Amino acid sequence: MTIDHAAVCDLFAEYGALIDTAKFDEWLDLFAEECRYQIIPRENLDHGLPAGLVFCDSRAMLEDRIRALREANKYNIHADRHVIGLPRILGNGLSAEAPFAVYQTDQEGETRLFATGLYRDRLVLVGSRLKFRDKLVLLDTFAVPTLLATPL
Amino acid sequence: MTIDHAAVCDLFAEYGALIDTAKFDEWLDLFAEECRYQIIPRENLDHGLPAGLVFCDSRAMLEDRIRALREANKYNIHADRHVIGLPRILGNGLSAEAPFAVYQTDQEGETRLFATGLYRDRLVLVGSRLKFRDKLVLLDTFAVPTLLATPL
Amino acid sequence: MTIDHAAVCDLFAEYGALIDTAKFDEWLDLFAEECRYQIIPRENLDHGLPAGLVFCDSRAMLEDRIRALREANKYNIHADRHVIGLPRILGNGLSAEAPFAVYQTDQEGETRLFATGLYRDRLVLVGSRLKFRDKLVLLDTFAVPTLLATPL
């Protein structure tokens, strides 16, 4: 089975938009029941080090994590903006990569680059809906003090 | 009727490209005769404040605005670059959102991030061409001294 | 013949991804045997000055150039990230433009904007594969000390 280019684009677009509008319940629903979500500094991956910044291997664990982030976020008020580049669809369309830049705007309305990286994902069809089965966030930027204020 | 994913992508791509090459007549032609163009700081929208930075509710008004911007631009010479992320197509394809980052390069060739935000648009088919019916530019960045030098 | 929107998106996505993972042999294979690759500061183009930063008019020349860049890169260790915006497909689909932002992350994990610009490309079908026939990198940013460390 081959997945449609537009469906993959839509999934990534949803992903970024739902974080940026803090709709985390809908965001969680982009993941399959059985899923994995990891944030790993690119350097660690390059050196074969498994240690990541975030590792969730079920949606329940991801939900817990999001709840904690939202709590932390009360003390670091900012707005996120994900700009996700063209995705690269691999194999049969059930793997995809997309580069991203995340910007943050503080309460004074100043915007700065927060982080860049690459999503390297496995996708799955749940009924007719495409969802994330395994999301790997390869993070270029690791000099990030407020890293865990929102998912990436 | 459902609008094609590629047609929505094309419309956003044209939108950014025509600003960046200062082809404002062609840019205006991306809007329907009856149209609205607004720039609103995201914070205002979040707090239910209607006050925007730009409000044009006809194409004639938008034309006037562009003419004024071009005049102002003579004293703030820079080049824009819009990087527009994957769009999110809503409902039947006549609503769409896309995140953006705009960069400016000055006459010394130094580039900096100018603003980020989200386009939240209603589209309309005029004959067989997709156009903007109602363009809302939700601006993350409001600490922008030279804000109105070009449309966003 | 008309080229598919998805195929053009895929080509640009591959282009950025292969630079960012330093897979330069695969990257070279995105170019037709007879090809041209140029980097020109946008200002030069605007003023009709032909002088560019890079000019390769065959794939062999581009290969040489890449080899030199990789050598230079040993002394300027960084990771690239291309975020390529929505492409604008022109005419019959054998011309396309796409805006880009390139970020670099240094060995301390700090990311900064490196350059923005526009790809203005002619494409060609080689068998059933879309490739670059003529790639023009219009560079907004020319105040770039480490410019030639990787292709753009």
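Only heavy atoms go into these numbers, but all of them, side chains included; no hydrogens, no water, no symmetry mates. The chains referred to below are lettered A, B, ... by the order of the sequence lines, with proteins before strands, and numbering in each begins at 1. Just so you know, these numbers come straight off a predicted model, no measurement behind them.
Looking at every heavy atom in both residues, B:Phe31 comes nearest to B:Arg59 through O-NH1, 2.5 Å.
Ion pairing between C:Arg88 and B:Asp20 fails under the 4.0 Å rule for side-chain N and carboxylate O. By the 4.0 Å N-to-carboxylate-O rule, B:Asp57 lies too far from B:Arg36 to be salt-bridged with it.
In this structure, chain C has a heavy atom under 4.5 Å from the backbone of B:Glu108, while its side chain stays farther away. Heavy atoms closer than 4.5 Å to chain C are found in the side chain of B:Leu18, but not in its backbone. When heavy atoms are compared at a cutoff of 4.5 Å, B:Thr111 approaches chain C by way of both its backbone and its side chain.
In terms of heavy-atom pairs under 4.5 angstrom with chain C, the leader among B:Leu86, B:Asp10, B:Val83 is B:Val83.
The structure places CZ of C:Arg81 at 11.5 Å from CD1 of C:Ile19, a figure rounded to the nearest 0.5 Å.
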